[in-house]
There are 2 protein chains.
Amino acid sequence: MEAEISETAFELRPLYRQVREAMVSRLIDGRWQPGQMLPSEQQLAVEMGVSQGTVRKALDSLAADNLVMRRQGRGTFVAEPEEGRLLFKFFKLTADDGRRRLPDSTVTALVKTKASAAARAKLGLPPRGLVWDLRRTRFLDGQPVIAEEIVLPAGRFPALDRVETVPNNVYALYSARFGLTVAHAVERLKAVAATAADAEQLGCPAGTPLLLIDRIAYGLDEAPIEWRVSRCLTDAFHYGVDLK
Amino acid sequence: MEAEISETAFELRPLYRQVREAMVSRLIDGRWQPGQMLPSEQQLAVEMGVSQGTVRKALDSLAADNLVMRRQGRGTFVAEPEEGRLLFKFFKLTADDGRRRLPDSTVTALVKTKASAAARAKLGLPPRGLVWDLRRTRFLDGQPVIAEEIVLPAGRFPALDRVETVPNNVYALYSARFGLTVAHAVERLKAVAATAADAEQLGCPAGTPLLLIDRIAYGLDEAPIEWRVSRCLTDAFHYGVDLK
DNA sequence: AAGTGGTCTAGACCACTAA
DNA sequence: TAGTGGTCTAGACCACTTC
């Protein structure tokens, strides 16, 4: 009952790191579900055989990464992707007047194909690996502003095409339907000219400057979950970054 | 000697916040200079009349914001803008092959003028406020890749035009010459078409898509220090963002 | 050996939430 | 009132750096 963590006598990482990793593994395997309240610090300390202060340090680290949410007087809860505060963690486009909202989405294609060499490299897939290729157009104020392609490793998204409707917030779908939590992402931005296809999809002249966002999203286990390329009109919007 | 912090009995913010603010004010007024070693946690605890744990929490918070650097066995040091690790805190452009280096710079103009309405809004200046307007071209591999305009409130940069040479890393200049530390910045990115002036400066056709970076940089006192607009060719480079 | 920051513990008390 | 996380303290011991 006690030695949940320190079973082997010699451990290189500090205790609170090991405690954190034990907690992350509970998030990965679903023993702790989104929205669920965690045991109290005291209970976790007893259960894991460490002091409350060490549990606190691990929980604070999870909270800093937005994996759990802590509320004084209430408890500690597993983060939910639908939660308002987190909706914009991975969506950095903002209207120039400051209003922030998620654009509506219209799926234009969803097919399973062999992964391209680029997709295999981005997602760490073997030769002949399969992927889902999802394409959609996203609208703000009824205007098409983003042409998006999402590439997913087919093995982690079984029967994705049997989902009735792909929701606007796909990360909520990944979580609820496939048990995959997007923990962090890396984006690369460039300015590119709209191709003829972009121009048709976005209703702008060919050659129009577009903000290209190339994203790889990673799960709790640090494995790539999604490769996404968004091509955005930025006449009335900007991509916001906080450098701290 | 003791009650450096809790002079008044009632304070709303937690102690470690007050300790942090006392420390930040020492950074602002120059009692703690860049590169300088801070007193040990124990000394600070005694001096400020709090426990070592509270001092540690304040110092950890400063370290998280890259305002100080902590090294086990050595001590805690005020961050220096020239330090390698910090050079890229505010420069997010990376070569597509992964190499990171700061581009060379050539100043094309440096004049003191009345601030435009836009500049007054960005920098929080009064009507008829004065600014420095610095323009430069930045090169990577000998190729011009960034056309940059930097607008500075003249009041905080006296005799800027008497600086012999404006260094490539202007934030080191702000620190060494004017005692101004850039603590954080907010950037807005868009894709725009190169104007005729851009085209001439960067040696590209007019209409070429450019990544526009609009940055406001803030000092330790949270007042704006700099407004900067960079227009970047991103054929061989990208702007990297880590979403965590 | 001495001095520094890093980890871990134990316990007191406060602030907030819910019943 | 009971239970939760948040703050603050005091002290022990470890890891690293320097002399």
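Order of the sequence lines fixes the chain letters, A, B, ..., with proteins taken first and strands second; residue numbering starts at 1 for each chain. Atoms considered below: every heavy atom in the structure, side chains included; atoms not considered: hydrogens, waters and symmetry mates.
As a whole-Å value, the separation of Y16(A) OH from dC8(C) P is 7 Å. For the pair D60(B) CG and dC8(D) C1', the interatomic distance rounds to 15 Å; values are reported in whole Å. The CZ-P distance, from R70(B) to dT17(D), rounds to 15 Å in whole Å. Straight-line distance from the CD atom of E41(B) to the C1' atom of dA2(C): 16 Å, rounded to whole Å. For Q72(B) and dC14(D), the CD to P distance is 13 Å, given to the nearest whole Å. Distance CG (L59(A)) to C1' (dT4(D)): 12 Å, rounded to an integer number of Å. In this entry the distance linking CG of L38(B) with P of dT4(C) reads 12 Å, nearest Å. Rounded to whole Å, atom P of dG11(C) lies 11 Å from atom CD of Q52(A).
Residue T54(B) places at least one side-chain N or O under 4.0 Å from the OP1 or OP2 atom of dT9(D). T76(B) has no side-chain polar atom (N or O) that falls below the 4.0 Å cut-off from OP1 or OP2 of dT4(C). Using a 4.0 Å cut-off, some side-chain N or O of K57(B) falls inside it from OP1 or OP2 of dT7(D). In terms of phosphate contacts, R74(A) brings no side-chain nitrogen or oxygen within less than 4.0 Å of OP1 or OP2 of dG3(D).
The main-chain N or O of F90(A) is found under 3.5 Å from a side-chain atom of R215(A) such that the two form a donor-acceptor pair.
No more than 12 heavy atoms of other residues, nucleotides or ligands lie within 6.0 Å of CZ in R71(A), so this atom counts as exposed by the packing criterion. In the displayed structure, R162(A) atom CZ is contacted under 6.0 Å by at most 12 heavy atoms of other residues, nucleotides or ligands.
If you check dG5(D), dT4(C), dT7(C) against the side chain of P14(A), the one that comes closest is dT7(C). Here the nucleotide nearest the side chain of S51(A), chosen from dC8(D), dG5(D), dT9(C), is dT9(C).
Residues K89(A) and V182(A) are not in side-chain contact: their nearest non-hydrogen atoms beyond the backbone lie 4.5 Å or more apart.
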